[in-house]
Amino acid sequence: MASFVGLSASQSQFLYRFSLPISSPAFISSSVHLKKQAPVRRLLVLPIKCSSSGPSQDTESEAETTSVPSSSSFSSSLASSNSTYNWRAGIGAVGIIETAYLTYLKLSGSDAFCPLGGGSCGDVLNSDYAFVFGVPLPLLGLIAYGFVTTLSLQLSAKNLPFGINEATGRLLLLGSSTSMATASAYFLYILSTKFAGTSCSYCLASALLSFSLFFISLKDVGLQEVQKVVGLQVCIASLVFATLSTSYSKLPSAPSSQANIDLPYFTTEITKESSPFALSLARHLHSIGAKMYGAFWCSHCLEQKEMFGREAAKLLDYIECFPDGYKTGTKMIKACADANLEGFPTWVINGQVLSGEMELEKLAEVSGFQFNE
């Protein structure tokens with residue numbers, strides 16, 4: 001009976017199902033037969049062997065069941081990581097398209113198409129704040145978005161260069177998105193203070209993309225890891241802020257008297273009589289399509305017209321850039337904006353741009369005019 005010690009309940013039930021009642025004739029017959037053959041073999045070993053295999057199978061089953069959730073959890077975590085990498089790659093691609101477009105406009109000298117705010121976004125994009133130490137700001141953004149997109153795709157494909165592991169790659173993404181978000185916050189401050197009342201849809205779109213990358217990177221790295229490198233993040237943000245502040249520290253401040261300018265449009269009468277030379281030159285300039293760009297409040301524009309005289313000035317193709325008056329935030333009409341004027345007056349003669357007040361002889365030389373008395 002010592003062989004049955006420690007049997008489980010399932011083993012006992014197994015023995016019960018396969019044992020015969022003691023009063024059964026078959027049991028008695030079998031007992032008599034066993035006594036004759038070998039009395040020491042009255043105990044059956046088979047039930048013990050069958051019942052002992054049960055726990056092993058249960059253990060294997062439990063191990064398999066336990067391993068399935070672990071594998072499922074790993075697959076879920078891997079899919080989540082790839083999803084955040086793909087999100088960042090997609091956002092970075094949108095940023096690349098935007099900054100590539102703005103970089104092309106900056107390098108080619110073209111004006112941006114402003115879906116919101118009219119021509120006001122062009123004033124922001126063409127201002128002194130569109131450069132950092134002489135480098136176009138869209139070009140720097142293009143490099144930043146390109147780096148984030150490339151690194152995100154490599155992390156998703158588990159193909160990192162220079163022996164970088166995934167943890168380091170995530171920290172690089174966090175650092176780069178921190179610098180981009182800091183720069184966006186700085187420029188939003190500039191937009192609200194230096195360009196009050198001006199709308200810049202490209203600036204707002206870039207800020208949205210940068211902040212999205214930053215918060216996705218925070219979530220991907222995790223709070224515990226972020227706490228370990230929070231000092232580094234603060235250093236990166238401080239460095240970006242200091243760099244931008246140093247770059248713009250030498251920009252001239254707008255005079256306070258310009259804060260509330262409201263100048264209605266007016267005309268000034270030209271009193272000087274035109275000479276025959278001035279009349280002939282004005283007719284010639286008109287015939288070749290030469291244009292003079294100016295503003296009603298520009299004293300040099302008035303002096304230029306006085307050189308031609310009253311009659312000749314009426315023959316010039318003069319374009320007024322502020323026909324509705326000027327006040328803070330007023331933009332030039334599209335014809336003037338397209339001409340990329342640097343000041344008033346500006347002449348465009350046969351594709352050549354002349355800025356400032358010009359002598360009549362100079363205008364005649366540039367336009368190829370020869371006066372015959």
Side-chain angles (χ1 to χ4, degrees), residues 105-106 109-114 117-130 194-200 251-274 278-279 281-286 288-364 366-367:
L105 295 179
K106 182 64 65 175
S110 305
D111 289 327
F113 168 73
C114 302
S120 61
C121 74
D123 296 327
V124 178
L125 298 174
N126 295 324
S127 68
D128 293 332
Y129 290 96
K194 305 296 184 180
F195 300 92
T198 302
S199 175
C200 179
L251 293 182
S253 301
S256 58
S257 58
Q258 294 182 359
N260 296 313
I261 293 179
D262 190 357
L263 188 63
Y265 177 79
F266 61 86
T267 58
T268 303
E269 184 181 358
I270 300 173
T271 58
K272 181 182 176 180
E273 186 177 352
S274 300
L279 283 170
L281 178 59
R283 292 190 184 99
H284 173 71
L285 292 173
H286 175 75
I288 64 174
K291 291 180 173 56
M292 173 186 172
Y293 297 88
F296 67 95
W297 43 262
C298 170
S299 60
H300 293 286
C301 300
L302 179 59
E303 293 173 359
Q304 184 75 86
K305 293 179 182 178
E306 285 285 357
M307 288 183 183
F308 280 91
R310 180 175 58 254
E311 296 81 11
K314 295 178 181 179
L315 300 176
L316 298 174
D317 288 334
Y318 173 74
I319 300 176
E320 172 59 52
C321 294
F322 298 93
D324 299 324
Y326 179 82
K327 61 182 179 179
T328 304
T330 301
K331 310 307 172 186
M332 295 185 294
I333 62 174
K334 189 176 186 303
C336 296
D338 292 342
N340 297 319
L341 305 179
E342 296 181 356
F344 300 119
T346 295
W347 288 92
V348 178
I349 303 175
N350 294 330
Q352 185 175 353
V353 179
L354 303 174
S355 298
E357 188 178 339
M358 297 290 162
E359 295 292 335
L360 299 187
E361 289 75 10
K362 178 65 174 179
L363 294 175
V366 173
S367 64

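All heavy atoms count here, side chains included; hydrogens, waters and symmetry mates do not.
Here the closest heavy-atom approach between residue Pro323 and residue Tyr265 is recorded as O-CG, 3.6 Å. Heavy-atom minimum distance, Leu279 versus Ser274: CG-CB, 3.9 Å. Across every non-hydrogen atom of Leu360 and Ala278, the tightest pair is CD1-CB, 4.2 Å. Minimum interatomic distance between Thr346 and Ser355 (heavy atoms only, all atoms of both residues): OG1-OG, 4.1 Å. When all heavy atoms of Cys336 and Tyr293 are compared, the closest pair comes out as SG-CD2, 3.9 Å. Across every non-hydrogen atom of Lys305 and Ile270, the tightest pair is CB-CD1, 3.3 Å.
A 4.5 Å side-chain heavy-atom check between Phe296 and Cys301 finds every atom pair outside the cut-off. Between Glu306 and Thr271, some side-chain heavy-atom pair lies under the 4.5 Å cut-off. Side chains of Gln352 and Leu354 form a contact here, defined as non-hydrogen atoms less than 4.5 Å apart. Residues Met292 and Leu285 form no side-chain contact, since every pair of their non-hydrogen atoms from C-beta on lies 4.5 Å or further apart. The shortest side-chain heavy-atom distance between Ile349 and Ile288 falls under the 4.5 Å cut-off. Residues Met307 and Met358 are not in side-chain contact: their nearest non-hydrogen atoms beyond the backbone lie 4.5 Å or more apart. When side chains are defined from C-beta on, Glu311 does not count as touching Leu315, because their heavy atoms never get closer than 4.5 Å. Contact check for Phe344 versus Cys321: side-chain heavy atoms found under the 4.5 Å cut-off.
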Step by step, would you call Leu363 with Leu281 a side-chain contact (heavy atoms from CB on, under 4.5 Å)?
CA-CA 8 Å; Leu363 294 175; Leu281 178 59; 4.3 Å; yes
With side-chain contact (heavy atoms from CB on, under 4.5 Å) as the test, would you mind laying out the steps for Ile333 and Glu320 before giving the verdict?
CA-CA 8 Å; Ile333 62 174; Glu320 172 59 52; over 6 Å; no
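In this structure a side-chain-to-backbone donor-acceptor pair under 3.5 Å is missing from Gln304 to Glu357. Distance alone, capped at 3.5 Å, places no donor-acceptor pair between the Arg310 side chain and the Glu273 backbone. Not one N or O on the side chain of Lys331 forms a donor-acceptor pair closer than 3.5 Å with the backbone of Ala337.
Taken to the nearest 0.5 Å, the CG atom of Asn350 stands 7.5 Å off from the OG atom of Ser367.
Ring geometry for Trp297 versus Phe322: interplanar angle of 30 to 60°, hence tilted. Using the six-membered ring where Trp is involved, Phe308 and Trp347 have ring planes that are tilted, between 30° and 60° apart.
Taking the ring centre of Tyr129 as origin, the terminal cationic atom of Lys194 falls outside the region bounded by 6.0 Å and 45° from the ring axis.
The number of heavy-atom neighbours closer than 6.0 Å to NE2 of His300, taken from other residues, nucleotides and ligands shown, is 12 or below.
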